[in-house]
Amino acid sequence: MRIMRGAPGAKVLAFGGYQPAGVVTNDDLAKTIDTDDAWIQNRVGIKERRIAGPEESEIDLAVQAGGKALAASGLSAADIDLVVVATCTLEAQIPNAAARVAHRLGVQAPGAFDVNAACAGFCYALSAAADAIRGGSATNVLVVGTEKLSQWIDWNDRATAVIFADGAGAAVVGPAETPGIGPVVWGSAGDKHDAIIVRDRESFLHQEGQTVFRWATTALHPVAKEACERAGVDPAELAAFVPHQANLRIIDTIARKLGADKAVIAKDIVLAGNTSAASIPLAMSRMIERGEVQSGDLALLLGFGAGLTYAGQVVEIP
Ligand code: UT7
């Protein structure tokens, strides 16, 4: 049997992000649940979030973000031979999202699969894409993180309603002579699997906020450091740190413990809320749009969430 060999490296060619139009402010939520703007801003860091209407599905969000990334990459749909969608909030599990997103974008007969690693999903999917390119099983990959969390939230539960939101982000990944996507560091803590959970088809998302908060602020900075080490990058050299947008206090704590002193820290949560697998590519695309990072800069991505799962890698900004 032959061994497949692909490109020496893989790199992100472009990012794209999309948020639905409907803005929901903290004051809007305070009209129906016992919460207030000051609590949400102080404890989580969110000012407003976007929520999709009933006419806009997680597939629609993914198509928008994927289309933007594809347009920015300079490739066409015909160049893509693998589509990977990271999501944990599909309205229905069958069929997968990837084949539908590919079809809507005009990508003909690609490999198509979904990844469910919750809020770490984009980093898992990006790693799978890079491995496929290096292993010779794909040439150009569209990776999308998309979530319509609003359809899994009890809008009377203030513990979750103030946090989660809808959105999508995407990356086009292609071959490279030198590595533009560093080795992934990934893992899980299944002993805490019920800290973020949808128990059955009739249930909404439940989160033990403090359990996850404690874990995120104590267990993840070593993962972030290891991802830098495996990529041969000193955290002090990073131009950007783009962690999952779960809570501003978590973001600040990990950034401080990591020692990414020169890095721009993604704080997309303020206007986007927590969009799970979409939050990292969405934040990354906004950072690039605002000119906060330049092509060739190094950014550390770090996803973490239900499972509990986590994954991080250093990427070169396209
Ligand atoms: O995306 C996947 C990964 N997820 C995460 O990383 C989430 C990690 N966890 C968190 O970010 C935080 O735990 C939350 C934002 C979810 C909650 O913040 P917290 O500071 O841990 O709040 P808490 O649950 O400990 O509640 C503190 C107080 C309580 O009142 P008392 O008992 O001190 O009087 C709550 O009843 O705040 C109260 N509270 C609220 N007040 C106003 C809880 N939720 C709210 C609310 N509005 N929405």
Side-chain angles (χ1 to χ4, degrees), residues 4-17 65-66 69-70 72-75 79-86 98 110-111 113 115 117 119-145 169-187 223-235 237-244 258 260 263 266 277-285 287-288 293-304 309-318:
M4 296 264 284
R5 284 220 175 77
K11 65 178 178 184
V12 179
L13 303 176
F15 283 98
L70 196 54
S73 73
L75 300 184
D79 298 314
I80 302 293
D81 52 2
L82 175 62
V83 176
V84 187
V85 174
F113 66 91
V115 168
C119 309
F122 180 79
C123 294
Y124 274 78
L126 187 63
S127 172
D131 288 348
I133 291 168
R134 289 191 295 254
S137 0
T139 305
N140 295 299
V141 187
L142 176 65
V143 181
V144 187
V172 174
V173 183
E177 285 304 316
T178 54
I181 299 175
V184 73
V185 177
W186 55 17
V223 175
K225 284 184 178 169
E226 196 183 335
C228 291
E229 203 178 304
R230 285 204 199 168
V233 174
D234 188 321
E237 292 171 46
L238 292 169
F241 176 44
V242 188
H244 167 49
L258 171 64
S279 86
I280 290 174
L282 187 55
M284 193 74 258
S285 68
M287 249 184 187
I288 293 170
V293 287
Q294 307 305 320
S295 178
D297 282 351
L298 296 178
L300 173 66
L301 315 184
L302 180 69
F304 55 91
T309 56
Y310 54 86
Q313 67 266 86
V314 174
V315 302
E316 195 179 296
I317 305 284

Salt bridge (Lys or Arg N to Asp or Glu O under 4.0 Å): which pairs involve residues 293-303, sequence neighbours left out? none
Here the pair of heavy atoms bringing Ala311 nearest to Ala120 is N-CB, 4.1 Å
side-chain hydrogen bond (donor to acceptor under 3.5 Å, both in side chains) involving Glu226 - partner list, sequence neighbours excluded: Arg230
Please name all residues satisfying side-chain hydrogen bond (donor to acceptor under 3.5 Å, both in side chains) with Asp81, sequence neighbours left out, ordered by chain then number. Thr139
Could you report the tightest heavy-atom contact between Leu75 and Leu13, atom names first, then the distance? CD1-CD1, 3.7 Å
Write down the atom of Asn140, the atom of Gly174, and the distance for their closest heavy-atom approach. OD1-CA, 3.4 Å
Find out whether Leu82 and Ser137 are in side-chain contact, i.e. whether some heavy atom of one side chain is under 4.5 Å from a heavy atom of the other. no
Atom CD1 of Ile280 and atom CG of Leu126: how far apart are they, to the nearest 0.5 Å? 9.5 Å
So, taking the atom named NZ in Lys11 and the one named CD1 in Ile317, what distance separates them when rounded to the nearest 0.5 Å? 13.5 Å
Can you tell me if Ser73 uses its side chain to pair, donor with acceptor, with the backbone of Val172 under 3.5 Å? no
Side-chain heavy-atom pair Cys123, Gln313 within 4.5 angstrom cut-off: yes
With Ala263 via side chain to side chain contact (heavy atoms under 4.5 Å, CB included) - residues at least two apart: Leu238, Phe241, Ala260, Ile265
Which atom of Val314 lies closest to which atom of Cys228, heavy atoms considered: CG2-CA, 4.0 Å
Could you list the donor-acceptor pairs under 3.5 angstrom formed by side chains in residues 176-187, with sequence neighbours left out?
none

Quick one: side chain to side chain contact (heavy atoms under 4.5 Å, CB included) partners of Ala125, sequence neighbours excluded? Val84, Ala86, Val115, Val143
For Ala224, the side chain to side chain contact (heavy atoms under 4.5 Å, CB included) test, sequence neighbours excluded, returns Leu258, Leu300, Leu302
Can you name the nearest heavy-atom pair linking Gly312 to Ala227, along with the distance? O-CB, 3.7 Å
Which residues satisfy the side chain to side chain contact (heavy atoms under 4.5 Å, CB included) test with Ala170, sequence neighbours excluded? Ala65, Ala69, Leu142, Val144
Set of residues satisfying salt bridge (charged side-chain N to carboxylate O under 4.0 Å, His left out) with respect to Asp131, sequence neighbours excluded: Arg134
Taking only residues two or more places apart in sequence, or in another chain, which ones meet Glu229 in a salt bridge (charged side-chain N to carboxylate O under 4.0 Å, His left out)? none
Taken in chain and number order and not counting sequence neighbours, the residues that satisfy ring pair (Phe, Tyr, Trp, His ring centres under 6.0 Å) with Phe304 are His244
Where Phe122 and Ala171 come nearest, the two heavy atoms and their spacing: CZ-CB, 3.9 Å
Side-chain heavy-atom pair Leu298, Glu316 within 4.5 angstrom cut-off: yes
